[in-house]
Amino acid sequence: MQSVKHLRWITGLCLLLFFFLYSACGGDEETRFRLTSRERIKVDTLYKRSIDSLRTSLDSYCIQNHDQFLKWAVDSILAERKATEVELRKRIPKPEN
C-alpha cells in the first residue's frame with residue numbers, strides 16, 4: 001500500500017513537472033521594453049565598473065603572458081607561411097633531365 005502511494009506521488013510530481021516545462025517552451029514572442037534615461041545611466045555605470053575591474057585583471061594577465069603569446073603567434077604565422085610555400089612549390093613544374 002505504501003509503494004502505491006509513493007508511486008502515485010512520483011507520477012503526480014512528474015506530470016506536474018512535465019506541465020511546467022511544457023508551458024515554459026512558449027512561442028517566439030519577442031519581449032520589448034524601453035529603459036528610462038535613469039535606467040540607461042545606471043546600466044552604463046554598472047557596465048563601466050565591470051569593464052574597469054576586468055580590464056586591470058586582463059591587462060596584468062596579458063603582461064605576464066606576453067612573451068608566450070608572442071611566441072605562439074610567431075610560430076603560428078611561420079607554420080602557415082611554410083604550408084603556403086609547400087603548396088606553391090607543388091605547382092612549379094619539375095625540370096626534366
Side-chain angles (χ1 to χ4, degrees):
M1 185 76 171
Q2 184 73 5
S3 64
V4 172
K5 286 184 181 181
H6 188 66
L7 184 60
R8 285 182 184 169
W9 187 80
I10 290 176
T11 304
L13 184 63
C14 288
L15 287 173
L16 186 64
L17 182 64
F18 174 76
F19 172 74
F20 282 124
L21 290 176
Y22 183 75
S23 64
C25 297
D28 296 329
E29 299 99 21
E30 183 177 324
T31 305
R32 292 181 181 238
F33 58 92
R34 295 183 64 90
L35 296 177
T36 64
S37 61
R38 283 186 180 176
E39 291 171 332
R40 275 188 252 130
I41 291 170
K42 195 176 218 179
V43 168
D44 287 344
T45 304
L46 291 173
Y47 175 77
K48 187 175 180 338
R49 285 182 190 161
S50 298
I51 291 298
D52 288 344
S53 67
L54 284 175
R55 184 172 291 141
T56 57
S57 299
L58 291 175
D59 286 348
S60 65
Y61 178 75
C62 287
I63 289 169
Q64 289 174 349
N65 296 307
H66 178 268
D67 293 338
Q68 181 182 356
F69 290 152
L70 183 63
K71 182 181 180 316
W72 175 80
V74 169
D75 290 346
S76 176
I77 292 170
L78 288 175
E80 186 66 30
R81 295 290 171 116
K82 286 179 183 177
T84 304
E85 181 184 359
V86 167
E87 289 299 317
L88 290 174
R89 288 188 184 272
K90 286 180 183 177
R91 295 182 188 174
I92 299 174
K94 294 183 181 177
E96 295 181 24
N97 290 337

Pairing residues for Arg89 by the side chain to side chain donor-acceptor pair (under 3.5 Å) criterion, not counting sequence neighbours | Glu85
Applying side chain to side chain donor-acceptor pair (under 3.5 Å), name anything that partners Asp75, two or more places apart in sequence or on another chain.
-> Lys71
Among residues at least two apart in sequence or on other chains, which ones pass side chain to side chain contact (heavy atoms under 4.5 Å, CB included) with [X]?
X: Thr36; result: Arg38, Glu39
X: Leu88; result: Thr84, Arg91
X: Ser50; result: none
X: Thr11; result: Leu7, Leu15

Hydrophobic cluster of [X], others only, ordered by chain and residue number, side-chain cut-off 4.5 Å:
X: Phe69; value: Tyr61
X: Tyr47; value: Ile51
X: Leu78; value: Leu70, Val74

Rounded to the nearest 0.5 Å, what's the gap from CD on Glu80 to OG on Ser76? Could you check?
-> 7.0 Å
Sequence neighbours excluded, which residues qualify as salt bridge (charged side-chain N to carboxylate O under 4.0 Å, His left out) partners of Lys94?
->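 By the salt bridge (charged side-chain N to carboxylate O under 4.0 Å, His left out) rule, Lys94 matches no residue at all.
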Kindly write out the residues that satisfy salt bridge (charged side-chain N to carboxylate O under 4.0 Å, His left out) with Arg55, not counting sequence neighbours, or none if the list is empty.
->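 Residues passing salt bridge (charged side-chain N to carboxylate O under 4.0 Å, His left out) with Arg55: Asp52.
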